[in-house]
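Position 1 is the first residue of the sequence, and the numbers go up from there.
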Amino acid sequence: MKTYSLEGKSRAIEASSADQKRALKALRKESRIPAVLYGGNEVMHLSVAFDNIRGLIYTPEVHLVELTIDGAKKMAIVKDMQFQPVTDELLHVDFLEIFPDKPVVIEVPVALEGYAEGVKAGGKLTLRMRKLKVKALYSKLPEKLIINVDSLGLGKSMQIGELSFDGLELMNAKNAVVCSVQLTRAARGAQAAAAGGK
């Protein structure tokens, strides 16, 4: 999995909520995003420059984050993000610190490969789940989960329970459908014509 380097500055937490709101507003005016890093021995409050974090947030890819806070390096993943509901402006980011010997739960993008039997027969391949939740040591995390669909027939689907990846545990429900080949009108017509010709 790719690593994204990000510089952060620790920030003080104000005693009153009014002072805290003012401090956060001032940070955002400077194009800095308030963030928090948890999962280690202590919760760290920090801020990161919006220009630096943009490439991490607005991408379908998943990254490990090498977070440098006041000179100290930490490995982390993005656990949560808050956006302003109307303007979609990034308001806050939660980072989870990760360690080489502790498994982490993260969503990894799905990539389909191959030419499904059902598509050859006129069906349409549909990806139902763009990301799957996996549990693994961060050294085992792939950039994407590649699923071969060559043997997927017309009207058939592939469920989580049918998949397995080395060093990863899939956390989604076993009966959740990842992808399927749906019957199109043309395929239905071809099936009906074939049935009528028998």
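Nearest heavy atom pair, residue Ile57 against residue Met81, reads CD1-SD, 3.2 Å. For Tyr138 against Leu64, the heavy-atom pair with the smallest separation is CD1-CD1, 3.6 Å.
Glu61 pairs with exactly one of Lys2, Lys131, Lys144 by the salt bridge (Lys or Arg N to Asp or Glu O under 4.0 Å) rule, that one being Lys2.
The shortest distance between side-chain heavy atoms of Val149 and Lys156 does not fall below 4.5 Å. When side chains are defined from C-beta on, Arg28 does not count as touching Lys25, because their heavy atoms never get closer than 4.5 Å. A 4.5 Å side-chain heavy-atom check between Arg32 and Lys9 finds at least one atom pair inside the cut-off. Side-chain contact between Leu141 and Val104 is present, with heavy atoms from C-beta onward closer than 4.5 Å. Looking only at side-chain heavy atoms (C-beta outward), His45 and Ser10 stay at 4.5 Å or farther from each other. In this structure, the side chains of Gln182 and Leu125 stay at 4.5 Å or more apart for every pair of heavy atoms. A 4.5 Å side-chain heavy-atom check between Val65 and Thr3 finds every atom pair outside the cut-off. In this structure, Leu37 and Leu67 have side chains that are in contact, with non-hydrogen atoms separated by less than 4.5 Å.
Around atom NZ of Lys135, no more than 12 heavy atoms belonging to other residues, nucleotides or ligands sit under 6.0 Å away.
The distance from atom OG of Ser31 to atom CD1 of Ile53, rounded to the nearest 0.5 Å, is 13.0 Å. Here the NZ atom belonging to Lys79 is positioned 14.0 Å from the CD atom belonging to Glu97, to the nearest 0.5 angstrom. A distance of 5.0 Å separates CG in Leu6 from CZ in Phe95, rounded to the nearest 0.5 Å.
Between the side chain of Arg130 and the main chain of Pro109, no donor-acceptor pair closer than 3.5 Å is present. Side chain of Glu30 to backbone of Leu27: no donor-acceptor contact under 3.5 angstrom is found.
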